[in-house]
Amino acid sequence: MTPFAKKVYKVVSNIPLGEVRTYKWVALKAGKPKAVRAVGQILKNNPYPWFIPCHRVICASGDLGGYVFGKKKKKALLDLEKQIRKVMV
DNA sequence: CAAACTATTCAGC
DNA sequence: GCTGAATAGTTTG
């Protein structure tokens, strides 16, 4: 666990339900706008990916990027959260 | 400490 | 739209 990773987790955990942010955005919020790749690697190496909404983090091009359970699952999860948010609102 | 790796991003064609 | 190159931090030896 590193200070940067901690920040990244915090930022990612602050992403609203059903919303998605880019690695760049997360890196920016983490304080290292140029560490987008490091962020992705941290998320992939993160000890508890299920404690972190890493599925809400995607590429700046709109690409899903990657996910521990698979990109397809990531998409499904995002859609699910979108539906949940719709119900909550 | 140094080298290698990475779920990315930007620029050029 | 696709390919190539660059950047910064993490991890491992």
Side-chain angles (χ1 to χ4, degrees):
Chain A
M1 184 64 99
T2 60
F4 183 63
K6 212 183 203 176
K7 246 174 174 181
V8 172
Y9 297 144
K10 194 173 168 183
V11 173
V12 175
S13 299
N14 270 275
I15 300 173
L17 187 71
E19 292 289 304
V20 292
R21 281 310 98 120
T22 60
Y23 289 97
K24 196 176 162 194
W25 183 87
V26 176
L28 184 76
K29 282 289 189 184
K32 264 83 168 131
K34 302 230 267 297
V36 289
R37 311 191 65 190
V39 172
Q41 203 169 99
I42 288 163
L43 290 176
K44 126 171 175 215
N45 282 307
N46 78 47
Y48 301 105
W50 29 79
F51 276 9
I52 299 153
C54 36
H55 56 267
R56 293 186 198 154
V57 188
I58 59 172
C59 298
S61 316
D63 193 64
L64 289 174
Y67 194 50
V68 185
F69 300 110
K71 294 193 285 191
K72 296 178 80 168
K73 284 284 203 98
K74 182 172 182 175
K75 195 176 178 191
L77 203 61
L78 286 169
D79 187 64
L80 183 70
E81 291 199 333
K82 214 178 353 179
Q83 299 302 326
I84 294 169
R85 197 180 90 167
K86 193 165 69 172
V87 175
M88 283 187 116
V89 171

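A, B, ... follow the sequence lines: proteins, then strands. Residue 1 opens every chain.
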**Opening and closing nucleotides of DNA chain C in contact with chain A, under 4.0 Å to non-hydrogen atoms** = C/dA6 to C/dT11

**The single option from A/Val12, A/Val8, A/Thr22 passing side-chain contact (heavy atoms from CB on, under 4.5 Å) against A/Val39** = A/Val8

**Prompt:** Dot-bracket for DNA chain C, 5' to 3', counting Watson-Crick or G-U wobble pairs under 3.5 Å, with [ ] for crossing pairs and | for inter-strand pairs?
**Reply:** ||||||.||||||

**Request:** Please work out which of the three classes, parallel, tilted or perpendicular, describes the rings of A/His55 and A/Tyr67, given edges at 30° and 60°.
**Result:** perpendicular

**Message:** Does A/Phe4 reach a base, just sugar-phosphate, or nothing at all? Heavy atoms under 4.0 Å.
**Reply:** sugar-phosphate

**Asked** About how many Å separate OH of A/Tyr9 and OH of A/Tyr48, when rounded to the nearest 0.5 Å?
**Response** 11.0 Å

**Prompt:** Just wondering, do A/Arg56 and A/Glu81 contact through their side chains at under 4.5 Å, heavy atoms?
**Reply:** yes

**Request:** Describe the nucleic acid contact of A/Ile42 in one word from base, sugar-phosphate, nothing, applying a heavy-atom distance below 4.0 Å.
**Result:** sugar-phosphate

**Asked** Between the side chain of A/Lys74 and the main-chain N/O of A/Leu64, is any donor-acceptor distance below 3.5 Å?
**Response** yes

**Complete:** Per the under-4.0 Å heavy-atom filter, residues of residues 44-81 of chain A near DNA chain C come out as none

**Request:** Would you indicate whether A/Met88, at its atom CE, is surrounded by more than 12 heavy atoms from other residues, nucleotides or ligands within a distance under 6.0 Å?
**Result:** no

**Request:** Grab the CZ-P distance between A/Arg21 and B/dT9 for me, whole Å please.
**Result:** 14 Å

**Prompt:** Could you go step by step and tell me if A/Lys29 and A/Arg21 meet the side-chain contact (heavy atoms from CB on, under 4.5 Å) rule?
**Reply:** CA-CA 11 Å; A/Lys29 282 289 189 184; A/Arg21 281 310 98 120; over 6 Å; no

**Complete:** In terms of heavy-atom contacts, A/Ala27 and A/Ala35 come closest through CB-C, 4.0 Å

**Message:** Distance check needed: B/dT6 C1' versus A/Lys32 NZ, whole Å only.
**Reply:** 18 Å

**Asked** Mapping A/Arg37 and A/Ala5 to their closest nucleotides on DNA chain C, which lands nearer the 5' end?
**Response** A/Arg37

**Message:** Give me the atom names and distance for the closest heavy-atom approach of A/Tyr23 to A/Gly40.
**Reply:** CE2-CA, 3.9 Å

**Check: A/Asp79 side chain, A/Ala76 main-chain N or O, donor-acceptor pair, under 3.5 Å** = no

**Request:** Would you mind reporting whether A/Trp25 and A/Ile15 have side-chain heavy atoms less than 4.5 Å apart?
**Result:** yes

